[in-house]
**Student:** 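Structure incoming, see below.
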Amino acid sequence: MRLYQRLSGRPLKLLNKWLLPAGALLTMAGYFRPWISHKAAGLAVLGLDLGEIVKFLHPVQQGDIRLWREGFYLPLVAVSVSISLNAFRRDLADPPADSEPNHSAGIRGSQPTYGWPVRIGLLLLSLVAALNLLPPAWTPHLLLAPEYRLQTAALLACLALVALSPLAALLLTPGALLASIGNSPENANRRGCLGRIVWSIVIGRGLLAVGLTGAAIYFPLAQFRWILPTLADLYGKMPDIGYGPVLMTLGLAGLLLHGLSDISIILRK
């Protein structure tokens with residue numbers, strides 16, 4: 001039965017492992033590709049542009065279309081946070097062959113999920129996503145303006161999480177924390193209490209990623225649809241939709257599935 005559980009869990013772990021980089025790359029590719037396609041480069045609109053463009057649309061200024069402008073930046077936040085929480089995690093790796101007799105949580109979670117080249121690439125991608133929260137032609141004074149305060153707060157939070165990514169992975173890796181207590185009988189009560197806290201935190205991490213990614217799918221796509229009629233008036237016809245939204249949605253769907261499979265793996269242990 002134990003062998004069956006190990007074999008059935010490996011495909012899920014492998015899927016979970018590579019959904020994160022694949023989903024993050026697709027999301028960023030879609031976000032930086034045209035959402036409105038046009039032969040004239042100056043009339044093409046990228047996903048990154050929408051948060052600024054909507055400020056100049058008359059129905060938005062008049063309040064006829066109510067938007068959450070910062071919602072267009074949620075894909076950047078979702079990518080940065082998801083990567084920072086998972087780049088250094090160690091609890092998804094298969095145990096080495098010589099540790100087969102020992103099935104303790106500490107041994108099972110002792111191998112890093114990603115090698116250093118992948119980790120560095122992921123952190124650079126997380127950093128790029130965070131820095132693109134900066135407004136165009138920004139200045140320190142502009143970052144403190146009421147219009148950009150929430151955006152600036154999200155930027156600082158993402159940058160802090162990138163810097164603390166190794167610590168975040170340590171705190172949110174159940175095997176490493178539980179193994180540090182030991183398996184002696186006198187530590188059984190402490191392991192039980194800490195175990196419940198740790199598993200709750202890890203499940204909370206998964207729920208945070210799922211909720212944030214779900215919001216990153218809904219707000220940009222829904223609000224983009226709301227402003228399409230206004231953009232059609234400006235272009236004189238319904239504009240051609242680019243492939244950016246499709247790529248971004250596929251990428252965010254991958255991150256969403258990563259969060260859900262993360263929770264599933266935790267509940268299976």
**Student:** Which heavy atom of Leu255 sits nearest to which heavy atom of Leu19, and what is that distance?
**Tutor:**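 Heavy-atom minimum between the residues: CD2-O, 4.3 Å.
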
**Student:** So if I apply the side chain to side chain contact (heavy atoms under 4.5 Å, CB included) rule between Phe224 and each of Leu67, Val54, Ile241, which one comes out positive?
**Tutor:**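 Of the listed options, the one satisfying the test is Ile241.
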
**Student:** Where is the tightest heavy-atom contact between Val162 and Ser126, given as atom of each residue plus distance?
**Tutor:**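 Smallest heavy-atom distance, with atoms named: CG2-OG, 3.1 Å.
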
**Student:** Quick check: is Val246 connected to Leu76 through a chain of hydrophobic side chains (ILVMFWY, heavy atoms under 4.5 Å apart)?
**Tutor:**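 No; Val246 is not reachable from Leu76 via cluster members.
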
**Student:** Is there side-chain contact between Asp240 and His38, with at least one heavy-atom pair below 4.5 Å?
**Tutor:**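 When only atoms from C-beta onward are counted, His38 and Asp240 do not touch, as no gap falls below 4.5 Å.
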
**Student:** Take Trp35 and Leu221 through the test side-chain contact (heavy atoms from CB on, under 4.5 Å) and record every step on the way to the result.
**Tutor:** CA-CA 10 Å; Trp35 283 44; Leu221 294 179; 4.1 Å; yes

**Student:** To the nearest 0.5 Å, how far apart are CG in Leu228 and OH in Tyr235?
**Tutor:**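 So the CG of Leu228 and the OH of Tyr235 are separated by 10.5 Å.
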
**Student:** Are any non-hydrogen side-chain atoms of Arg66 and Trp226 less than 4.5 angstrom apart?
**Tutor:**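 Counting from C-beta outward, Arg66 and Trp226 never come under 4.5 Å.
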
**Student:** Just verifying a value: how many Å separate Thr139 OG1 and Tyr148 OH, rounded to the nearest 0.5 Å?
**Tutor:**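 If I round to the nearest 0.5 Å, the distance is 10.0 Å.
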
**Student:** Can Leu131 be reached from Leu156 by stepping across I, L, V, M, F, W or Y side chains whose heavy atoms are under 4.5 Å apart?
**Tutor:**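 In one cluster: no.
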
**Student:** Please enumerate all residues that pass ring pair (Phe, Tyr, Trp, His ring centres under 6.0 Å) together with Trp68, with sequence neighbours excluded.
**Tutor:**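 Ring pair (Phe, Tyr, Trp, His ring centres under 6.0 Å) check on Trp68 returns Phe219.
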
**Student:** For residues Tyr73 and Leu26: do they belong to one hydrophobic cluster (side chain heavy atoms under 4.5 Å, members Ile, Leu, Val, Met, Phe, Trp, Tyr)?
**Tutor:**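 Unlinked, Tyr73 and Leu26 end up in two clusters.
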
**Student:** Would you check if Thr152 and Arg149 make a side-chain contact, meaning some heavy-atom pair closer than 4.5 Å?
**Tutor:**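 In short, these two side chains do not touch, never coming nearer than 4.5 Å.
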
**Student:** Taking Lys237 for the side chain and Ala232 for the main chain, is one N or O donor matched with an acceptor at less than 3.5 Å?
**Tutor:**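 No, the answer is negative, given that no donor and acceptor are paired below the 3.5 Å cut-off.
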
**Student:** Nearest heavy-atom pair of Ala78 and Leu212: which atoms, and what distance?
**Tutor:**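 Where Ala78 meets Leu212 most closely, the heavy atoms are CA-CD2, 3.7 Å.
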
**Student:** What distance do Ile36 atom CD1 and Leu50 atom CG have between them, rounded to the nearest 0.5 Å?
**Tutor:**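 The CG atom of Leu50 is 7.0 Å from CD1 of Ile36, to the nearest 0.5 Å.
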
**Student:** CG/Leu155 to CG/Asn132 distance, rounded to the nearest 0.5 angstrom?
**Tutor:**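 Separation between the atoms: 10.0 Å.
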
**Student:** In terms of hydrophobic clusters joined by side-chain contacts under 4.5 Å, are Leu150 and Leu142 together?
**Tutor:**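 Yes; Leu142 is reachable from Leu150 via cluster members.
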
**Student:** Which of these, Leu20, Leu125, Leu122, sits in a side chain to side chain contact (heavy atoms under 4.5 Å, CB included) with Leu25?
**Tutor:**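 The residue from Leu20, Leu125, Leu122 that satisfies side chain to side chain contact (heavy atoms under 4.5 Å, CB included) with Leu25 turns out to be Leu125.
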
**Student:** Answer whether the closest heavy-atom distance between the side chains of His58 and Thr230 falls below 4.5 Å.
**Tutor:**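 Side-chain contact under 4.5 Å: no.
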
**Student:** On a heavy-atom basis, which atom in Leu252 and which in Ala216 lie closest, and how many Å separate them?
**Tutor:**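 Residues Leu252 and Ala216, closest heavy atoms: CD1-O, 3.5 Å.
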
**Student:** Do you know the tightest heavy-atom contact between Pro245 and Pro34?
**Tutor:**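 Scanning both residues completely, I find the closest heavy atoms to be CD-O, 4.0 Å.
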
**Student:** Within the 3.5 Å criterion, strictly below it, is a donor on Ser84 or Ser165 matched to an acceptor on the partner's side chain?
**Tutor:**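 No, no side-chain donor-acceptor pair sits under 3.5 Å.
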
**Student:** Please answer: with hydrophobic residues joined when any side-chain heavy atoms are less than 4.5 Å apart, are Leu250 and Val210 in the same cluster?
**Tutor:**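 Different clusters: Leu250 never reaches Val210 through Ile, Leu, Val, Met, Phe, Trp or Tyr contacts under 4.5 Å.
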
**Student:** Side-chain contact, heavy-atom cut-off 4.5 Å: Tyr114 with Pro21?
**Tutor:**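 Counting from C-beta outward, Tyr114 and Pro21 do come under 4.5 Å.
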
**Student:** With sequence neighbours left out, write down each residue that passes side-chain hydrogen bond (donor to acceptor under 3.5 Å, both in side chains) with Tyr218, or none if nothing qualifies.
**Tutor:**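 So Tyr218 forms no side-chain hydrogen bond (donor to acceptor under 3.5 Å, both in side chains) with any residue.
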
**Student:** Test ring-ring contact (aromatic ring centres under 6.0 Å, His included) on Phe88 and Trp116 and set out the steps.
**Tutor:** CA-CA 9 Å; Phe88 284 85; Trp116 275 107; 5.6 Å; yes

**Student:** Report yes if some heavy atom in the side chain of His258 is under 4.5 Å from a heavy atom in the side chain of Ser82; otherwise report no.
**Tutor:**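 Result no, sub-4.5 Å side-chain heavy-atom pair not found.
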
**Student:** Write down the atom of Arg225, the atom of Pro229, and the distance for their closest heavy-atom approach.
**Tutor:**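 Closest heavy-atom pair between Arg225 and Pro229: O-CD, 3.6 Å.
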
**Student:** Residues in salt bridge (Lys or Arg N to Asp or Glu O under 4.0 Å) with Glu52, at least two apart?
**Tutor:**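 Residues passing salt bridge (Lys or Arg N to Asp or Glu O under 4.0 Å) with Glu52: Lys55, Arg69.
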
**Student:** Is any side-chain heavy atom of Ser37 closer than 4.5 Å to one of Tyr243?
**Tutor:**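 No - every pair of side-chain heavy atoms lies 4.5 Å or more apart.
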
**Student:** When rounded to the nearest 0.5 angstrom, what is the spacing between CG in Leu247 and OG1 in Thr27?
**Tutor:**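 Between Leu247 CG and Thr27 OG1, I get 9.5 Å after rounding to 0.5 Å.
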
**Student:** How long is the straight-line distance from CD1 of Ile53 back to CG of Leu46, given to the nearest 0.5 Å?
**Tutor:**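 Going from CG on Leu46 over to CD1 on Ile53, the span is 8.5 Å.
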
**Student:** Does Leu234 reach the side chain of Leu57, with side-chain heavy atoms less than 4.5 Å apart?
**Tutor:**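 Yes; the side chains approach each other to less than 4.5 Å.
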
